[in-house]
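Structure first, commentary second.
Lettering follows sequence order; numbering is per chain, from 1. Only a predicted model underlies this, so the values are computations on that prediction, with no experimental measurement involved.
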There are 2 protein chains.
Amino acid sequence: MPRPRSLTHAQVASAALTVIDRDGLPGLSMRAVAKELGMSTMALYRYVDDREELEAQVVELVLGAVDTEPPPPDLPWCERIEVMAARLRDAVGAHPAIVPLTLTQRHRSPAQLRWAEAVLAILTAAGIEGEQRVIALRGLLAYIVGAIQLEHLGPLSGDGTVAISQLPPGDFPYMSETARQARDVGPDQEFLGGLAVLLRGLGA
Amino acid sequence: MPRPRSLTHAQVASAALTVIDRDGLPGLSMRAVAKELGMSTMALYRYVDDREELEAQVVELVLGAVDTEPPPPDLPWCERIEVMAARLRDAVGAHPAIVPLTLTQRHRSPAQLRWAEAVLAILTAAGIEGEQRVIALRGLLAYIVGAIQLEHLGPLSGDGTVAISQLPPGDFPYMSETARQARDVGPDQEFLGGLAVLLRGLGA
DNA sequence: CTCGTAAGCGTATGCCGTACGCCTAAACCC
DNA sequence: GGGTTTAGGCGTACGGCATACGCTTACGAG
């Protein structure tokens, strides 16, 4: 009987993501999202309780796009995990500015639950069980989360690496040399290389 | 000839850290820090250019407390890396609320440079060089950063694990079982267990 | 004692999130 | 088709935030 909603929750989250992609995370405000939707600021509060819920919906929108279907079962288990890891990384990488948001929202995300369930299935099939399986899942998550952040907040290809390579070799002999070598390591090589180390440790 | 400063930069950073420890990260504001110091808000701007610089000084205060001396050389290399990792984790763990700050400030931190230099020395002594050394350092950093965040924002001992353990076993068979097993895994076991996996991968 | 300098502060601006209350569009019932 | 009800949409207002700008004042050098 009441007046129907003129927007879906998905449209609201999507408008917020548009704002973030255009103006960066600092540009996200209730006013900006409302303007993006062509409504008044306060009308937005008919769809979300507060800013935090809006942020959660943005994270869910991005993480919800992650494919959680089991990878081809004919692949070796470690490659199947690589597929799952890459899907998560790619989804976040499409909207790098939300990285800090995933921090606080990640654990409440249904999409993340489905992702973890699929990874656990692979680990179990690989014969990893009990406490080792707990540690493996958390370790993978920690690595992926950390690697995504490092990649977007302090990339190997960025200014930081150049600055480090010019550090006085007397004080930082290893750092300056390593930074020079880091120029030849691309983002994919870095991410997959670290993941391969972790998987090798799991397999031994 | 001019009037002398009544505060050191360290005192300013320390006051900010006091505010964060007491009121959490959302409680950090220029006003709150100024009040903590007994000065007016604008007087604070004689010590920092803006809020971002204040945050950087807080991170540096915490990270600066990390011991970067080489661990006892008679330990196996992987145990020496464990020592270095634990020092970083302990320093941040003493002020968990700053975790999100370390994200954006980490790469500019001299303390972090010294830490990385020490780790690189250990890796090199272990025979890891070239691009593999780049990947090893970044992988370690990614894991440690991610693990610290997971530990403080979604701890295994927290509500999230309980909630997951009560998920419908039909939809999430592995997650619910794994969450039940996770209750027996303490924070140290989780952190060191994941690190051990990574180090095993580096050693193979 | 005087004076230059920078420390410290007061004020004001323009953001922000959001509590509260009004107006009105629309769907149901008759 | 008209009346009623219900929630959608909006305007206003408040308190808190970072911070630009300019004044005042404590201090040390001479």
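- Applying the salt bridge (Lys or Arg N to Asp or Glu O under 4.0 Å) test to every pair with at least one member in residues 107-123 of chain B, sequence neighbours left out, gives these pairs: B/Glu52-B/Arg108.
- Within residues 40-57 of chain B, the residues having any heavy atom under 4.0 Å from DNA chain C are, by residue number, B/Ser40, B/Met42, B/Ala43, B/Arg46, B/Tyr47.
- Considering only heavy atoms from C-beta on, B/Asp188 comes within 4.5 Å of B/Arg89 through its side chain.
- Under the 4.5 Å side-chain criterion, counting only non-hydrogen atoms from C-beta, A/Val92 is in contact with A/Leu63.
- Contact check for B/Ile20 versus B/Leu101: side-chain heavy atoms found under the 4.5 Å cut-off.
- Residues A/Leu140 and A/Leu195 have side chains in contact (heavy-atom distance under 4.5 Å, counting atoms from C-beta outward).
- Of the residues in residues 28-35 of chain B, none has a non-hydrogen atom less than 4.0 angstrom from any atom of DNA chain C.
- Looking only at side-chain heavy atoms (C-beta outward), A/Tyr174 and B/Val119 stay at 4.5 Å or farther from each other.
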Run the numbers on A/Arg133 and B/Glu177 for side chain to side chain contact (heavy atoms under 4.5 Å, CB included), then give the verdict. CA-CA 11 Å; A/Arg133 191 173 54 181; B/Glu177 185 193 352; 3.5 Å; yes

